[in-house]
Amino acid sequence: MSSIHPLTALAVVLATAATDAVYVMFTSAVVARRRIPAASWSSVWYLLSSFAVISYTENWIYVLFAAIGSWIGAYASMTFLHRPSGGAPLGAAPE
């Protein structure tokens, strides 16, 4: 097994965190039936995910860093979407 490069590992964590956050925003836009934002988030999602895939395919250990980043991104974006503001969360289904 080759050595882990700390900067690559950090970049994978950040890229997957951003990717997961963008995925949550994409899903929120889809649930809210907002076509332009959904399409925009989708394109950003694929651009970000390509970095992570390219980075960790050289060494399987980077998949662990990708998983960490994915968890961080989903948690942070769900925190943002469900913050207490008195109203419905962003992307909530219409009543």
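We number each residue from 1, following the sequence as shown.
Partners of Ala18 under the side-chain contact (heavy atoms from CB on, under 4.5 Å) rule, at least two apart in sequence or in another chain, are Leu48. Every residue meeting the side-chain contact (heavy atoms from CB on, under 4.5 Å) condition with Phe26, not counting sequence neighbours, appears here in chain and number order: Tyr23, Val30, Ala38, Trp41, Ser42, Trp45.
The distance from atom CD1 of Ile4 to atom CG of Leu10, rounded to the nearest 0.5 Å, is 13.0 Å.
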